[in-house]
Amino acid sequence: MINNQDLAQENISIEIKLLLEAIYLKYGHDFRNYSQAHLKRRILHRLMLSNINSISEMQYKVLHEPEFMQEILTDFSINVTEMFRDPAFYLTMRKDVLPVLQTYPYIKIWHAGCSTGEEVYSMAILLEEEGLLDKTLIYATDNNETVLKVAKKAEYTTDNLKNYQKNYEKSGGKGKLSDYYEEKGSIIKFDPRFRKRIVFSEHNLVTDNVFTEVHMIICRNVLIYFNRRLQNRVIKLFHDSLMEEGILGIGSKESVDYSRFGDAFEHINKNRKIYIKKSSIDE
Amino acid sequence: MTNYELVVIGASAGGMNALKEILSNLDRDFAYPIVAVQHVAPDSENYLVEYLDEYSNLNVREASEKQRILPYHVYFAPPNYHLLVEEDKTFSLTVSEKVNYSRPSIDVSFETAALAYKERIIGILLTGASQDGAKGMQMLHTLKGMTIVQDPRTASVPVMPQAAINLVSVDYKLPLEEIAPFLNTLSRTHAGRKEQEG
Ligand SMILES: C[S@@+](CC[C@H](N)C(=O)[O-])C[C@H]1O[C@@H](n2cnc3c(N)ncnc32)[C@H](O)[C@@H]1O
């Protein structure tokens, strides 16, 4: 429990900075350039729930108890995702982007920050319906190994299925979502033909380098957690990983405009935040 | 007297009309930026912002991430994102879990704004059928910000303001029509004081 006077003091910001530094030095997880308000809110909630009296005490506990660090990691991480989130994004993919990719003999796609994989299987279904799945390889990465384990299994609960079905229809789905999975009780499992086209692996956008050269990168609702400096780093990374005229799809509230590499990209569709990397001749 | 620097407003069911009443009656030179959270469907196109912009003297906009918070603006949380206020007076957006079955959640914006602005903030909770906002008001109160709820008797749905009243001893309970004039008065004295200070 934290007392009210502490809440009002500047100390909180200092203590949070020190805590993040400690986490980085001890475990290598770097949250120092993440948006702070979210972390602060989660840290304070953890304090309210525990019998720890201050953030400094929390820092001691983090340094000495790796199990506690795991709890903090869970607190900090945001893995919320869904199938065909923002159906209009997928509709634009279907209508304006896949016809361009289709001209390549094979296609490589990188989903960065893929979380538990719902977005990746959505894309795989889209590719299948547009006849491109067989010549596509999807690299799906996240820095959180726990969510990747879920993604690899291709199994999800039926809790959100209604919403997914609605999204799928709005995204221009050509069949029924149920064509692509088997339902067993309260679990659905996507057909193995999708899993075969996907390589899941750990990759940290903050600390790791270029992953591989690809035709398209999808990274949605990850940049919003980073400060401008980190956003810059990541957009450079994407720029370097894309072939000329490669495609970059980001979240509906994200942008490359503020980045030093903003000029290297052109909108395909402004409302959907889908860009094409200009070829070096135009630059 | 406190120098306020920010107003946060939360609304749910019935909020559209209540927000219109307030935003259309604030002075053109109203001194404090406003952060507003109205519960909306995740896939709504934020028609609300355009609609309220028509009626208000202030610039009503959807908040974007990293944006600096400026006077003469009303910033709305985008549908399906939580809107967080940073200490450096900018915004962050997240898609973390729903809070009180809502995204955007009023609690999330109120709590982070309270921590960023401490006592220099005015929180207003309006009509709604939700429990959202009560904890946020508690945090505002704890950090010595000013708390105002719409008098539940004047709310189209009284549940939400009542929930806050049950949890916090709020500073003011005002009928809807009195909220904008009250804020204008605060803002004008603020402007007067600034002039005196030169
Ligand atoms: C909100 S989820 C977005 C999931 C999905 N892209 C979507 O839009 O539905 C954010 C994901 O970014 C991942 N992430 C956060 N920091 C990262 C980093 N430094 N490197 C790689 N992934 C990261 C998180 O683990 C989480 O799974």
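Chain letters run A, B, ... following the sequence lines, proteins first and then strands; every chain starts at 1.
Contacts between residues 95-109 of chain B and chain A, defined by a heavy-atom separation under 4.5 Å, are made by B:Val95, B:Ser96, B:Glu97, B:Val99, B:Arg103, B:Val108. The contact list for residues 159-169 of chain B toward chain A, using heavy atoms and a distance under 4.5 Å, is empty. The contact list for residues 10-30 of chain B toward chain A, using heavy atoms and a distance under 4.5 Å, is empty.
Heavy atoms closer than 4.5 Å to chain B are found in both the backbone and the side chain of A:Lys253. At a 4.5 Å heavy-atom cutoff, the contact between A:Arg85 and chain B is made by side-chain atoms alone. There is no contact between A:Ser77 and chain B, counting heavy-atom distances below 4.5 Å. Of the two parts of B:Glu65, the backbone and the side chain both hold a non-hydrogen atom closer than 4.5 Å to a non-hydrogen atom of chain A. For B:Thr112, the part lying under 4.5 angstrom from a heavy atom of chain A is the side chain only.
Nearest heavy-atom pair, A:Val234 versus A:Leu205, reported as atom, atom and distance to 0.1 Å: CG2-O, 3.9 Å. Contact between A:Tyr34 and A:Gln36 at its shortest, heavy atoms only, is O-NE2, 2.6 Å. Of all non-hydrogen atoms in A:Arg260 and A:Asn232, the two that sit nearest each other are N-OD1, 3.0 Å. In plain terms, the two heavy atoms of A:Phe265 and A:Val256 that are nearest each other are CB-CG2, 4.2 Å. Scanning all heavy atoms of the two residues, the minimum distance from A:Leu177 to A:Tyr168 falls at N-CE2, 3.4 Å. Considering every non-hydrogen atom in both A:Ile224 and B:Tyr81, the closest pair reads CD1-CE2, 3.9 Å.
Between chain A and the residues B:Asn80, B:Thr90, B:Asp88, B:Val85, the largest count of heavy-atom pairs under 4.5 Å involves B:Asn80. Options B:Glu111, B:Glu119, B:His82, B:Glu62 differ in how many heavy-atom pairs under 4.5 Å they form with chain A, and the most are formed by B:Glu111.
In this structure, A:Tyr24 has its ring center at least 6.0 angstrom away from the ring center of A:Phe31.
Listed by first and then second residue, the salt bridge (Lys or Arg N to Asp or Glu O under 4.0 Å) pairs involving residues 146-158 of chain B are B:Asp151-B:Arg153 (not counting sequence neighbours).
Judged by a 6.0 Å distance limit and a 45° cone about the ring axis, A:Arg94 is not positioned over the six-membered ring of A:Phe84. A cation-pi arrangement is not found for B:Arg61 relative to B:Phe76, the charged atom failing to lie both closer than 6.0 Å to the ring centre and inside a 45° cone about the ring normal.
Using a 4.0 Å cut-off between charged side-chain N and carboxylate O, A:Arg46 and A:Glu71 make a salt bridge. Ion pair A:Arg220/A:Glu119 flagged as a salt bridge, since at least one NZ, NE, NH1 or NH2 atom sits closer than 4.0 Å to an Asp/Glu carboxylate oxygen. Remark: B:Lys66 does not engage B:Glu86 in a salt bridge, criterion side-chain N to carboxylate O under 4.0 Å. For the pair A:Asp96 and A:Arg272, the salt-bridge criterion is not met [side-chain N within less than 4.0 Å of a carboxylate O].
Here the side chains of A:Ile188 and A:Thr158 are in contact, with some heavy-atom distance below 4.5 Å.
Between A:Tyr121 and A:Phe200, the ring planes are tilted. Angles from 30° to 60° get that label.
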